[in-house]
2 protein chains.
Amino acid sequence: MFSQSEENYLKAIYHLSLISNKGISTNSIAERLETKASSVTDMIKKLSEKEVVVYKKYKGVKLTDLGTKIAANIVRKHRLWEVFLVDKLNFSWDEVHDVAEQLEHIKSEKLVDQIDAFLGFPTHDPHGDPIPNKEGDLKIVEKSLLSTLSKNEKGICIGVDDSSSEFLQFLDKKGITLGKQITVLEKEEFDDSLSIIINDKKMSISNKIANNLYIKKS
Amino acid sequence: MFSQSEENYLKAIYHLSLISNKGISTNSIAERLETKASSVTDMIKKLSEKEVVVYKKYKGVKLTDLGTKIAANIVRKHRLWEVFLVDKLNFSWDEVHDVAEQLEHIKSEKLVDQIDAFLGFPTHDPHGDPIPNKEGDLKIVEKSLLSTLSKNEKGICIGVDDSSSEFLQFLDKKGITLGKQITVLEKEEFDDSLSIIINDKKMSISNKIANNLYIKKS
DNA sequence: AAATATTTTTAGGTTAGACTAAAAATATTA
DNA sequence: TAATATTTTTAGTCTAACCTAAAAATATTT
Ligand SMILES: [Mn+2]
Ligand SMILES: [Mn+2]
Ligand SMILES: [Mn+2]
Ligand SMILES: [Mn+2]
């Protein structure tokens, strides 16, 4: 059995591994968990003892198959709970993350299975992130940052990179939600801002926004 | 903010206070939480610092108004989650307690309010225990142990004292569930066992069972 | 009221998980 | 390559929440 803290470390390493697939550095874990590198080293040793990570001093850390499965299961729970909160309890997508951070640690396999069924076996969470299946696998969907689209390309908004409540609320205000079609009308050389059409309305989008919005090209 | 452990102590004291209304003894808390008396003394001092209990050395402990409110809120969450598990996720009444022990510590006022509404503002949990309202009040319902009924008295089964899964499963097997009518046909002097009618069927009930089943006389 | 038993507190330890500061290893730059 | 910078580890503390053993207070018997 893993403590809440151990689970958070596993999850952090899991997320960092999706980008780099090299050994995950002590510092990057520390930064993600808002803790100190020395604390990370301590914990890594413990996780290594428990055979959920492989650790070589100064060389970073990697999840074992077991570690990956455990981490994916926590992410699965996190995302299922987020769907539950939005679909069943009228939370908005910018309110769910902190509660899901707590709920993801509840230990009950039956609970997860039943929530999954109750929600109709959702494949994605409210932020467009895929929900791992019981075995821990998740299918990667082809997605591009809005900022990478060229003039006259279009696609469907399918996810966010930054899912802070500030960003999500900003998107709400602009009428940008998942599933909406976006067409790029113009790309400004000067500041990399975009002129787009969404909801049959033309609007200007800064590069910072376009760098945090995922599009499925169509 | 209170830690999980602090919350468990408050809840234990709250439950013990419903019976005795005198100072709650160190030993009784230790027994309920399956910990040692010395640990209880430590924690009591901390809770006293935080002004949720009043503590006089050797004289036991009492919840303050604040402490009572906090404890009642944890009980409220516990019981709401139990209703959720049974009503929405097809758990049976003997499976919910351990999961609710975890869920009761999730911190989100909105979550509790929404679950409450989602469940239709239930007044009782699956074991017949009343759910405190937002202010922490709960209405006490007149109830009698089955063992206190005399020959030819009858009533509705409205709760259990022991809610261990063994006992609950035993009741299931016997067809005894909340809401059922029970009529006492005979009371044996010898072993205090009862002959009762439930579901139009006559059956014999041991004193141990009759001592753990609450009836609303009718 | 003494003697005895029980309960409660105190004193002193342990462990998990954090921290700071300093040492050691690795990476970068000159 | 040598000097410098950065990253990582080690060493030593701290706190929350537990523990055991012994001392102190209270309760119960004789
Ligand atoms: Mn989230
Ligand atoms: Mn999410
Ligand atoms: Mn319960
Ligand atoms: Mn209950």
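Below, each value reflects all heavy atoms present in this structure, side chains not excepted, and no hydrogens, waters or symmetry copies. Note that the structure is a prediction, hence the values are computed from the model and not measured. Throughout, protein chains are lettered first and strands after them, A, B, ... in sequence-line order, and every chain is numbered starting at 1.
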Using only side-chain N and O atoms of A/Lys57, determine if any of them is under 4.0 Å from OP1 or OP2 of D/dT10. yes
Contact class for A/Thr41 vs. all strands (heavy atom < 4.0 Å): base, sugar-phosphate, or nothing? base
Mind checking B/Ser39 for me? I need base, sugar-phosphate or nothing, with any heavy atom below 4.0 Å counting as a touch. base
Using every non-hydrogen atom in the two residues, find where B/Ser147 and B/Lys187 come nearest and quote the distance to one decimal. O-NZ, 2.9 Å
Distance test, side-chain N/O of B/Lys59 to OP1/OP2 of C/dT8, below 4.0 Å: no
Whether A/Tyr9 contacts C/dA18 is assessed here as follows: a side-chain N or O lying under 4.0 Å from the phosphate OP1 or OP2. Is that the case? yes
Could you tell me whether the phosphate oxygens of C/dT6, OP1 or OP2, come under 4.0 Å of any side-chain nitrogen or oxygen in B/Asn27? no
With a 4.0 Å cut-off on heavy atoms, is B/Lys56 in touch with a base, just the backbone sugar-phosphate, or nothing at all? nothing
Any base atoms under 4.0 Å from A/Thr26, or only sugar-phosphate, or nothing? Heavy atoms, all strands. sugar-phosphate
Cation-pi check, A/Lys88 to B/Phe118: give yes when NZ or CZ is under 6.0 Å from the six-membered ring centre and within 45° of the ring axis, no otherwise. no
Counting Watson-Crick and G-U wobble pairs only, both distances under 3.5 Å, name the nucleotide matched with C/dA3, or none. D/dT28
Under 6.0 Å between ring centres, would you say that holds for A/His97 and A/His78? yes
If you take the centroid of each ring, where Trp contributes its six-membered ring, are B/Phe2 and B/Tyr9 closer together than 6.0 Å? no
Below 4.0 angstrom from OP1 or OP2 of C/dA18, is there any side-chain N or O of A/Ser38? no
